[in-house]
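Input: a single structure, listed below in structure tokens.
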Amino acid sequence: SDKKELKAVKGNELHGDELVVLGGWIMGNMISRLEKIKKMNLKKLVVFAVGSKPESDTVVENIRTQNKLGENPFFYMTGGFHFEKLNFLIRMMLKTMKKSVAKKADKTESDLYMEKYLGTSFDNSDRKYTKPLIEYVKGVNEGC
């Protein structure tokens with residue numbers, strides 16, 4: 001029930017904990033801070049991440065695979081994007097990607113999404129995305 005910033009965690013401090021929940025943001029399908037916590041050999045790790053893409057089975061499976069989550073429970077939460085807070089280089093890269101996608105002839109659903117949202121700020125977050133995670137953690141705690 002303790003909350004800690006991962007940067008404040010030292011060595012094997014979490015090793016004896018029954019359950020650790022890591023929350024991160026996603027960029028390029030990679031979950032922030034995940035690699036650091038995976039090195040800690042925890043008993044039970046639950047991961048949630050917030051990304052800008054709408055939730056779908058494909059999005060979730062791609063994130064699970066790319067981050068090598070294995071059997072770890074994973075919860076994806078659609079969020080938003082603060083374009084103006086990004087550094088100059090990343091903003092330029094995203095604008096270039098948006099132009100490239102706009103020129104494609106046969107656009108996928110993902111392409112259409114990128115064409116609409118890349119280079120803009122938006123917020124699609126909703127508390128409903130937290131419910132499955134909360135229910136899961138409650139169930140694990142009741143089982144301990």
Side-chain angles (χ1 to χ4, degrees), residues 1-98 100-102 104 107-144:
S1 66
D2 292 338
K3 179 182 103 174
K4 274 193 170 177
E5 288 284 331
L6 187 57
K7 61 185 169 192
V9 174
K10 306 279 190 272
N12 285 334
E13 183 179 345
L14 302 175
H15 190 69
D17 291 354
E18 290 298 316
L19 176 70
V20 175
V21 179
L22 171 75
W25 48 268
I26 297 172
M27 182 178 227
N29 276 352
M30 297 306 294
I31 301 170
S32 64
R33 301 184 296 273
L34 181 61
E35 286 307 311
K36 179 179 179 180
I37 204 156
K38 281 169 99 177
K39 292 176 185 174
M40 295 181 184
N41 260 347
L42 302 170
K43 290 180 185 178
K44 180 95 174 167
L45 174 63
V46 176
V47 179
F48 75 89
V50 178
S52 61
K53 293 180 181 177
E55 182 183 15
S56 74
D57 291 342
T58 303
V59 166
V60 171
E61 190 52 41
N62 288 342
I63 294 167
R64 284 190 69 76
T65 302
Q66 195 161 339
N67 288 275
K68 299 178 179 129
L69 287 172
E71 297 300 314
N72 294 95
F74 172 62
F75 299 87
Y76 179 77
M77 300 177 193
T78 301
F81 195 71
H82 295 284
F83 182 76
E84 65 280 348
K85 290 186 178 184
L86 299 173
N87 71 43
F88 176 77
L89 182 59
I90 293 175
R91 286 194 319 261
M92 290 303 103
M93 286 178 11
L94 292 175
K95 285 182 179 181
T96 301
M97 283 174 56
K98 182 174 185 161
S100 174
V101 169
K104 286 177 81 173
K107 295 178 183 138
T108 65
E109 187 176 328
S110 180
D111 292 335
L112 293 169
Y113 180 82
M114 290 191 328
E115 183 178 19
K116 180 177 180 181
Y117 286 110
L118 282 181
T120 63
S121 292
F122 59 93
D123 185 1
N124 293 324
S125 58
D126 190 316
R127 286 188 185 269
K128 72 180 181 184
Y129 297 121
T130 64
K131 289 178 183 174
L133 171 64
I134 292 167
E135 293 303 315
Y136 180 84
V137 171
K138 280 181 183 177
V140 169
N141 282 334
E142 289 170 3
C144 291

With rounding to the nearest 0.5 Å, note down the distance linking [atom1] in [X] to [atom2] in [Y].
X	Y	atom1	atom2	answer
Met93	Phe88	CE	CZ	12.0 Å
Met30	Met27	CE	CE	12.5 Å
Ile90	Lys95	CD1	NZ	13.5 Å
Phe74	Leu133	CZ	CG	10.5 Å
Phe48	Thr130	CZ	OG1	9.0 Å

Check: Where do Phe81 and Leu86 land on the side chain to side chain contact (heavy atoms under 4.5 Å, CB included) test, with the steps shown first?
Finding: CA-CA 9 Å; Phe81 195 71; Leu86 299 173; 3.4 Å; yes
Under 3.5 Å: donor-acceptor pair, side chain of [X], backbone of [Y]:
X	Y	value
Ser125	Gly80	no
Thr96	Met92	yes
Tyr76	Lys53	yes
Thr120	Tyr117	yes
Asn67	Leu69	no
Arg64	Gly70	yes
Ser32	Gly24	no

- request: Could you walk me through whether Ile134 and Lys138 pass side chain to side chain contact (heavy atoms under 4.5 Å, CB included), step by step?
  value: CA-CA 6 Å; Ile134 292 167; Lys138 280 181 183 177; 3.8 Å; yes
So salt bridge (Lys or Arg N to Asp or Glu O under 4.0 Å) across residues 111-134, not counting sequence neighbours, yields Lys104-Asp111, Lys107-Glu115
* Can Asn72 and Lys38 be said to form a side chain to side chain contact (heavy atoms under 4.5 Å, CB included), step by step? -> CA-CA 10 Å; Asn72 294 95; Lys38 281 169 99 177; 5.7 Å; no
- Query: For Asp57, does the CG atom have more than 12 heavy-atom neighbours from other residues, nucleotides or ligands under 6.0 Å away?
  - Reply: no
query = So do the side chains of Glu109 and Thr58 get within less than 4.5 Å of each other, counting heavy atoms only?
reply = no
